Amino acid sequence: MEWRSGEWAMRYAVHVEESIDIAAPPDLIYATIVDVENWGRFSPETTGASCQDDGGELRVGDRFSGHNRRGARRWTTHCEVTVADAARCFEFRSGAVGLAIATWRYELEPTTTGTRVTEIWHDNRGRLMRVIAVLVSGIRDRATHNSQSMRETLHRLKNHLEHQPIP
């Protein structure tokens with residue numbers, strides 16, 4: 001089988017980044033991103049989340065459960081916030097059955113027309129979790145799948161934020 005270098009790199013990548021420019025201020029985008037319970041309106045895979053810590057905006061150390069769906073398959077990940085830098089960066093680690101899955105990060109950079117949002121996924125799975133993940137989600141090439149899903153998520157986020165009144 002012949003692989004072009006880009007295809008091979010994407011298939012075996014452990015780190016994926018996608019960016020988009022949104023005509024909205026960083027604080028509004030950050031508030032929307034940290035509202036994890038409502039992620040289902042943006043993500044093609046995540047249906048939402050259940051926060052385990054009450055008290056408003058998520059902070060470092062707070063935990064939530066992410067609910068996901070692909071066709072008839074459903075699964076939950078357990079997440080912990082690792083960075084919560086208002087209007088700049090939100091990051092969390094996810095895992096399941098006591099095993100690491102990934103680190104997700106959202107970086108916000110002000111631009112002259114709004115904000116550049118970069119969504120980053122870093123694969124933290126070991127061999128066992130890679131096997132379990134395919135059985136649970138049905139996704140063999142997680143890097144390519146996530147790249148496509150991240151682009152869709154960012155476009156939905158952009159559409160939502162650019163078509164609502166800014167307070």
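Given the structure is predicted, the values throughout are model-derived calculations rather than measurements. All heavy atoms count here, side chains included; hydrogens, waters and symmetry mates do not. Along the sequence shown, residues carry numbers from 1.
- Phe42 is listed as a side-chain neighbour of His160, based on a closest heavy-atom distance under 4.5 Å.
- Put simply, the side chain of Cys89 does not reach to within 4.5 Å of the side chain of Leu108, judged on heavy atoms.
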Show your working on side chain to side chain contact (heavy atoms under 4.5 Å, CB included) between Cys51 and Leu58 and close with a plain yes or no.
-> CA-CA 9 Å; Cys51 292; Leu58 291 172; 4.2 Å; yes

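- The residue from Asp27, Ile29, Leu161 that alone fulfils the side chain to side chain contact (heavy atoms under 4.5 Å, CB included) condition with Thr115 is Ile29.
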Working for salt bridge (charged side-chain N to carboxylate O under 4.0 Å, His left out), residues Asp21 and Lys158 | CA-CA 8 Å; Asp21 289 335; Lys158 176 183 176 76; over 6 Å; no

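- Phe90 is listed as a side-chain neighbour of Val81, based on a closest heavy-atom distance under 4.5 Å.
- A donor-acceptor contact closer than 3.5 angstrom links the side chains of Thr118 and Ser19.
- In the model, Ser94 has no side-chain atom that pairs as donor or acceptor with a side-chain atom of His78 under 3.5 Å.
- Salt-bridge formation is not detected for the pair Arg116/Glu109: no Lys NZ or Arg NE/NH1/NH2 atom is positioned less than 4.0 Å from an Asp or Glu carboxylate oxygen.
- For the pair Ile22/Glu162, a side-chain contact is recorded, criterion being any heavy-atom separation below 4.5 Å from C-beta on.
- Distance check, rounded to the nearest 0.5 Å: CD1 of Ile120 to CE of Met150 gives 7.5 Å.
- In summary, of the residues considered (Arg142, Arg93, Arg130), a salt bridge (Lys or Arg N to Asp or Glu O under 4.0 Å) with Asp123 occurs for Arg130 alone.
- The distance from the CD1 atom of Ile101 to the CD1 atom of Ile132 is 9.0 Å, given to the nearest 0.5 Å.
- Within a 6.0 Å radius of CZ in Arg88, other residues, nucleotides and ligands contribute 12 heavy atoms or fewer.
- Contact check for Val117 versus Leu154: side-chain heavy atoms found under the 4.5 Å cut-off.
- Taking the six-membered ring wherever Trp is involved, the centroid distance between the rings of Trp121 and Tyr106 does not fall below 6.0 Å.
- Checked by atom type, the side-chain pair Asn159/His163 shows a donor-acceptor distance below 3.5 Å.
- No side-chain donor-acceptor contact under 3.5 Å links Ser147 to the backbone of Ala143.
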Salt bridge (charged side-chain N to carboxylate O under 4.0 Å, His left out) between Glu57 and Arg59, intermediate numbers included = CA-CA 6 Å; Glu57 195 169 279; Arg59 298 176 305 274; over 6 Å; no

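- Taken from SG in Cys79 to CZ in Phe92, the straight-line distance is 5.0 Å, to the nearest 0.5 Å.
- Between Val60 and Ala84, the closest heavy-atom pair is CG2-N, 3.7 Å.
- Atom OG1 in Thr47 sits 6.5 Å away from atom NE2 in His67 (nearest 0.5 Å).
- Arg63 CZ: 12 or fewer foreign heavy atoms inside a 6.0 Å radius.
- Here OG1 of Thr32 is found 9.5 Å from CG of Asn38. Values are rounded to the nearest 0.5 Å.
- Residues Val14 and His122 have side chains in contact (heavy-atom distance under 4.5 Å, counting atoms from C-beta outward).
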Going through the distances and angles, do Glu45 and Arg70 end up as a salt bridge (charged side-chain N to carboxylate O under 4.0 Å, His left out)?
-> CA-CA 6 Å; Glu45 186 171 285; Arg70 182 171 184 257; 5.5 Å; no

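- Counting heavy atoms from C-beta on, the side chains of Thr153 and Glu18 never come closer than 4.5 Å.
- For the 3.5 Å distance criterion, the side chains of Gln52 and Ser65 qualify, holding a donor opposite an acceptor.
- Once rounded to the nearest 0.5 Å, the distance linking CZ of Arg41 with CZ of Arg156 reads 12.0 Å.
- Here the closest heavy-atom approach between residue Arg125 and residue Ala133 is recorded as NH1-CB, 3.4 Å.
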